[in-house]
Protein chains: 2
Amino acid sequence: MKITSKDSSKKDANMKLQYYQKEDQVLLAVDCIIFGFDKKDLKVLLVKRDFEPEKGKWSLIGGFLKRNENLDEAANRVLNTLTGIKDIYMEQFYTYSEIDRDPGQRTISVAYFALIDVHSHQFDGILIDGAQWFKLNKRPQLIFDHNQMVQKAINRLRRKTQTKPIGFELLPEKFTMRQLQNLYESILDCKLDKRNFINKVNQLDILDKLDEKDMTSSRKGSFLYRFNEKKYKEKLEEGFNFKI
Amino acid sequence: MKITSKDSSKKDANMKLQYYQKEDQVLLAVDCIIFGFDKKDLKVLLVKRDFEPEKGKWSLIGGFLKRNENLDEAANRVLNTLTGIKDIYMEQFYTYSEIDRDPGQRTISVAYFALIDVHSHQFDGILIDGAQWFKLNKRPQLIFDHNQMVQKAINRLRRKTQTKPIGFELLPEKFTMRQLQNLYESILDCKLDKRNFINKVNQLDILDKLDEKDMTSSRKGSFLYRFNEKKYKEKLEEGFNFKI
DNA sequence: TATATTAAATGTATTTTTTACATTTACAAA
DNA sequence: TTTGTAAATGTAAAAAATACATTTAATATA
């Protein structure tokens, strides 16, 4: 019975092949640039590759697309399998297709970037073997075209965080203004004026100021804020534009 | 001899397959959103599909990636084969991978948008059978996820033309200020103030004002301008940012 | 050759946004 | 109670964006 069912599924697959039979097929991979933010530094999660070719070298987290999933699903599966992480912000940004980009075999790779809160509980210590966080400007050389991918991801992140409120994905749910400023300073790689930054963020009017304070950074303590997504979406409908 | 040579090339192909043998392979397509600008209207070039499935319906121009080319090459080849157009501005922007997006067979499609000068000589009359320009807001329903692709391409075009001087790709080499303004008005779908627009463009200081006038639009005639790419690139190096 | 017509060309005052910048405050630790 | 430390706060100046009306150059026509 099992064999029969396998056969019939194969037949289905074959029937679907009727239209474009003569075309070349290729391997499709996904690679993920995983960004994290720790104190004042933007970081990227890399792994030591544990299979050939280029075994032992630093690499992005990646894997192959399977027949029964779309690319977003593949990216999430790969990420989850290799790191245990799930339900995080992820976005496809470019597809790499140079013929010899992967010496193992002709492979086209669709690159994603992901944003995670490094201090979230799903992380607590558990980084898989061979995975390591690197400060962006201290990252090692990567295999294939992965360096290029990281650079393009940084550019995209830089652009997008200025017009969409995705930066909050890199922070804990509750954060101080100073943390938010540090985040933007590290992403944009520049110094920002403290007062102007706070004024600007307050004008956006999409954060809730909490009654809690973070006491780790000073005697006085600094108020915690939380991104109010509902409010943001309401304002969007009214034509509001996020802009840092 | 021919057979031998074929065999050996097959062997080479097989040798390359050693690393990722068990992974699924898929068809990779490219689809092109070709934008043109005519008088006051942004347009898109569509074709009546002449093969199954969905034969006879309106579609983007597309084709399959071949083993011996990268995606940019595929996009250019497909465009050239189907329309005769070559050497134009083209940019990859998103990869579509829903499992049933193409009922013919599982196909992942990498979408490109292209910008052309509708009045350039390589066009002179010769539009292939079944191809037709449509005003953006009067375009027909398209097959598969092509409507989605066009919408995303428009968004990308809108964003990018505001920060990069790619709009000129849609105009003839020499153009009037009014044509340039019409172009931006149609891309951004809004009215712009004539004097402010001219002032802003002049401040950018990347156009050459020619001694020629275009006499078709008025008795007085209006001066022709030309984008000075060299000047633009020099200014870029000095930290200049294009912004309309 | 004078007149009419049409779109092109031009500048400024006002408003809004961005920038630069220094003092006081709240709390914990000594 | 004093001290040290980062947090909190507001305003004036500069720059950028906006709103807006008249004159001009050329052809066509009377």
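For the numbers below, each heavy atom of this structure counts, side chains included, while hydrogens, waters and symmetry mates do not. All figures in this text were calculated on a predicted structure; none of them were measured in a lab. Reminder, nothing fancy here: chain letters follow the sequence lines and each chain counts from 1.
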Q. Does atom NZ of B:K213 have more than 12 heavy-atom neighbours from other groups under 6.0 Å away?
A. yes
Q. OP1, OP2 of D:dA7 versus side-chain N and O of A:S217: anything below 4.0 Å?
A. yes
Q. Salt bridge or not for A:K233 and A:E237, using N-O below 4.0 Å?
A. no
Q. Looking at A:L45, A:I85, A:D31, A:T81, which one forms a side-chain contact (heavy atoms from CB on, under 4.5 Å) with A:I61?
A. A:L45
Q: Using a 4.0 Å heavy-atom cut-off, write out nucleotides 22-30 of chain D from 5' to 3' as B (base contacted by protein), S (sugar-phosphate only) or - (no contact).
A: --BBBBS--
Q | Atom-pair distance (CD1 on A:I244; P on C:dT17), nearest Å | A | 16 Å
Q.
How about NZ on B:K235, more than 12 heavy atoms from neighbouring residues, nucleotides or ligands closer than 6.0 Å, or not?
A. yes
Q: Inspect the contact between B:R77 and B:E73 and indicate whether a charged nitrogen and a carboxylate oxygen are less than 4.0 angstrom apart.
A: no
Q) Do the two ring centres, one from B:F35 and one from B:F37, sit under 6.0 Å apart? A) no
Q: Quick one: list whatever passes salt bridge (charged side-chain N to carboxylate O under 4.0 Å, His left out) with B:K40, sequence neighbours left out.
A: none
(Q) Measuring from the side chain of B:R195 (C-beta onward, heavy atoms only), which nucleotide among C:dC21, C:dT10, D:dA8 has the closest atom? (A) C:dT10
Q. In chain order, what residues pass the salt bridge (charged side-chain N to carboxylate O under 4.0 Å, His left out) check against B:R219, with sequence neighbours excluded?
A. none
**Q.** Interface residues of residues 196-209 of chain B with DNA chain D (non-hydrogen, below 4.0 angstrom)
**A.** B:N196
Q. Can you name the closest pair of heavy atoms from A:D145 and A:R101 and give their distance?
A. OD2-NE, 2.7 Å
Q) Which residue pairs pass the side-chain hydrogen bond (donor to acceptor under 3.5 Å, both in side chains) test when at least one of the two sits in residues 148-160 of chain A, sequence neighbours left out? A) A:E91-A:K160, A:Q151-A:N155
Q) Which residues within residues 170-188 of chain A lie with some heavy atom under 4.0 Å of an atom in DNA chain C? A) none
Q.
Measure CG/A:D211 against P/C:dA26 and give the value in whole Å, please.
A. 16 Å
Q: Rounded off to whole Å, could you give me the CG-to-P distance for the A:L192 and C:dT18 pair?
A: 13 Å
(Q) Ring-plane angle category for B:Y232 and B:F240, please: parallel below 30°, perpendicular beyond 60°, tilted otherwise. (A) perpendicular
